[in-house]
2 protein chains.
Amino acid sequence: MGKISDSFKEQLREKGYKLTVQRQAVLDVISEHEGEHMSSEEIYENVKKTYPDIGLATVYRTLILLNQLGLIYKIDFDDGRSRYELNREKEDHRHHHLICTECGLVEEVEEDLLESLENQIFENKGFIVKDHKVKFYGICKKCGESMKSEK
Amino acid sequence: MGKISDSFKEQLREKGYKLTVQRQAVLDVISEHEGEHMSSEEIYENVKKTYPDIGLATVYRTLILLNQLGLIYKIDFDDGRSRYELNREKEDHRHHHLICTECGLVEEVEEDLLESLENQIFENKGFIVKDHKVKFYGICKKCGESMKSEK
DNA sequence: ATTCATGCAAATCGTTTGCAACCCA
DNA sequence: TGGGTTGCAAACGATTTGCATGAAT
């Protein structure tokens with residue numbers, strides 16, 4: 001709770017925003033559910049456990065704010081709702097997501113390996129890459145195995 | 001018009017779907033606007049020029065169908081609406097998109113270069129990659145230059 | 001005290017769906 | 001003919017917004 005809250009506090013002050021219980025609570029919930037890719041609604045439901053009076057609109061507004069501050073990332077798994085995950089600052093690059101088209105499982109890949117592509121993009125197009133979003137679609141290990149054994 | 005229509009016709013017949021003027025018209029519009037990443041609404045407006053009676057719902061239904069058949073790709077540029085582009089079958093791999101965070105320009109990169117990453121993903125996770133969606137965010141050439149000259 | 005943030009409900013907006021009329025195969 | 005298709009309008013669901021109240025600095 002310590003480190004995140006402190007830099008959060010600073011960042012808010014810097015931009016003239018206020019530190020409210022609600023904003024803390026939302027950030028806390030996302031922190032406590034690392035790797036879960038929660039939707040706005042799920043975050044809302046979870047925050048209500050410790051802060052029952054929070055409104056859904058506040059959650060939405062807070063998510064926009066946290067995303068702007070770079071504390072969280074918005075991700076989209078094509079299911080019609082936005083999901084969020086904590087920005088783990090230890091990582092120098094963003095991780096990628098593997099989405100199984102059979103069972104819907106979402107895994108993460110820590111390897112980045114996009115540096116040479118990004119350099120090439122700069123050489124060829126003069127485009128300076130600052131960030132990327134990468135999704136791989138395919139068959140996860142489990143589904144691949146059960147497909148094999150079914151034959 | 002020839003090649004696309006023919007394989008389109010075949011694919012529809014194969015799955016028991018019918019070839020209608022509306023479906024043709026939607027596919028034609030997308031074909032005639034390569035590289036434009038049109039939204040459903042934009043496609044609808046364009047189709048109306050040659051087929052004024054078409055309904056928006058039909059366009060939506062057709063886009064879903066064409067996407068399922070693999071004739072078009074759905075892309076998402078985080079502006080709250082889905083966009084579509086023709087699947088250029090000549091390419092053995094899908095291209096990537098560069099999105100300028102300054103001016104909103106969307107460029108394409110033909111280079112793929114994800115094969116080694118995809119192989120590594122299979123080695124490490126047993127996940128078989130079938131497809132990917134890759135977006136790079138950053139500063140396009142023009143914006144980079146005008147930022148430099150402003151200093 | 002001032003300014004920003006909240007909660008509520010209503011409004012938005014892209015997309016989907018039910019249904020009767022319609023048209024391709 | 002008959003089942004897939006269409007157009008229309010209504011329904012949906014996620015997200016946004018207006019506004020009066022409440023809280024943080």
Side-chain angles (χ1 to χ4, degrees), chain A residues 5-6 8-30 37-69 71-72 74-84, chain B residues 5-6 8-29 37-69 72 74-84:
Chain A
S5 289
D6 288 353
F8 182 31
K9 223 167 170 170
E10 276 171 44
Q11 287 195 63
L12 289 176
R13 196 191 337 266
E14 238 170 67
K15 318 234 170 174
Y17 299 128
K18 288 172 182 171
L19 178 61
T20 64
V21 203
Q22 290 91 332
R23 287 176 175 169
Q24 261 305 345
V26 169
L27 187 53
D28 285 348
V29 163
I30 300 174
H37 317 112
M38 298 173 97
S39 68
S40 315
E41 192 77 34
E42 287 167 347
I43 294 168
Y44 170 61
E45 291 302 334
N46 259 278
V47 173
K48 277 210 290 190
K49 289 181 192 166
T50 61
Y51 196 94
D53 284 347
I54 197 166
L56 181 54
T58 300
V59 173
Y60 272 98
R61 283 187 281 236
T62 303
L63 292 172
I64 292 169
L65 176 67
L66 295 177
N67 190 52
Q68 279 171 358
L69 295 179
L71 292 168
I72 61 176
K74 186 195 261 194
I75 39 184
D76 167 44
F77 294 148
D78 313 295
D79 61 350
R81 71 203 64 197
S82 292
R83 294 171 178 281
Y84 296 88
Chain B
S5 287
D6 288 353
F8 181 31
K9 223 167 169 172
E10 276 170 43
Q11 286 195 64
L12 289 176
R13 196 190 338 265
E14 237 170 66
K15 316 233 171 173
Y17 299 128
K18 289 174 181 168
L19 178 61
T20 64
V21 204
Q22 291 91 332
R23 288 176 177 169
Q24 260 306 342
V26 169
L27 187 53
D28 285 348
V29 162
H37 317 111
M38 298 172 97
S39 67
S40 316
E41 194 78 32
E42 286 167 346
I43 293 168
Y44 170 60
E45 292 301 336
N46 259 278
V47 173
K48 277 211 289 191
K49 290 180 190 165
T50 61
Y51 196 94
D53 284 347
I54 198 166
L56 181 53
T58 301
V59 173
Y60 272 99
R61 284 187 280 234
T62 303
L63 291 172
I64 292 169
L65 176 66
L66 295 177
N67 188 52
Q68 278 171 359
L69 295 180
I72 60 175
K74 187 194 261 193
I75 40 184
D76 166 45
F77 294 148
D78 313 294
D79 60 351
R81 71 202 63 200
S82 291
R83 295 171 178 282
Y84 295 89

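Residue numbering restarts at 1 for every chain, and letters A, B, ... go by the order of the sequence lines.
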Steps toward side-chain contact (heavy atoms from CB on, under 4.5 Å) verdict (Thr62(B), Ile43(B))
CA-CA 11 Å; Thr62(B) 303; Ile43(B) 293 168; over 6 Å; no
Using a cut-off of less than 4.0 Å, is there contact between a side-chain N or O of Ser40(B) and OP1 or OP2 of dT15(C)?
yes
Between CG of Leu63(B) and P of dG14(C) the distance, given in whole Å, is 15 Å
Is any side-chain nitrogen or oxygen of Thr20(A) closer than 4.0 Å to OP1 or OP2 of dA24(D)?
no
Checking all strands, does Arg23(A) fall into the base, sugar-phosphate, or nothing category for heavy-atom contacts under 4.0 angstrom?
sugar-phosphate
Distance check needed: dA5(C) C1' versus Tyr17(A) OH, whole Å only.
12 Å
Looking across every strand, which nucleic acid part, if any, lies under 4.0 Å from Ser39(A) by heavy atom: base, sugar-phosphate, or nothing?
nothing
So, is Ser82(B) close to the dT15(C) phosphate, meaning a side-chain N or O under 4.0 Å from OP1 or OP2?
yes
Could you check which of dG7(D), dG4(D), dA23(D) has an atom nearest any side-chain atom of Lys18(B)?
dG4(D)
Gap between atoms CD and P, on Glu42(A) and dA14(D) respectively (whole Å)
11 Å
Ignoring backbone atoms, establish whether Tyr60(A) has a side-chain N or O less than 4.0 Å from OP1 or OP2 of dT16(D).
no
Tell me: CZ of Arg13(B) to P of dG4(D), nearest whole Å?
16 Å
Any side-chain heavy atom of Ile30(A) within less than 4.5 Å of one from Val26(A)?
yes
What is the separation between atom CG on Leu56(A) and atom P on dA9(C), rounded to the nearest whole Å?
12 Å
Quick one: Gln24(B) CD to dC24(C) P, roughly how many Å, whole number?
12 Å
Determine whether a donor-acceptor pair (N or O, by modelled atom type, separation under 3.5 Å) exists between the side chain of Arg23(A) and the backbone of Leu66(A).
no
Touch check for Tyr44(B), heavy atoms < 4.0 angstrom, all strands: base, sugar-phosphate only, or nothing?
nothing
Need one value for Leu65(B): base, sugar-phosphate or nothing, where a base atom within 4.0 Å counts as base even if backbone is also close, heavy atoms only.
nothing
Separation of dC13(C) P from Arg81(A) CZ (nearest whole Å)
21 Å
Would a 4.5 Å heavy-atom cut-off, applied to side chains only, mark Leu12(B) and Lys18(B) as touching?
no
With rounding to the nearest 0.5 angstrom, report the CG to CZ distance, Asp28(A) to Phe8(A).
9.0 Å
If you look at every strand shown and take non-hydrogen atoms under 4.0 Å, does Gln22(A) touch a base, only sugar-phosphate, or nothing?
sugar-phosphate
On DNA chain C, nearest-nucleotide positions of Arg61(B) versus Leu19(B): which is more 5'?
Arg61(B)
Pairwise 5' ranking along DNA chain D for Val59(B) and Gly16(B), keeping only the more 5' one
Gly16(B)
Whole-Å gap separating C1' (dT3(C)) and NZ (Lys15(A)):
19 Å
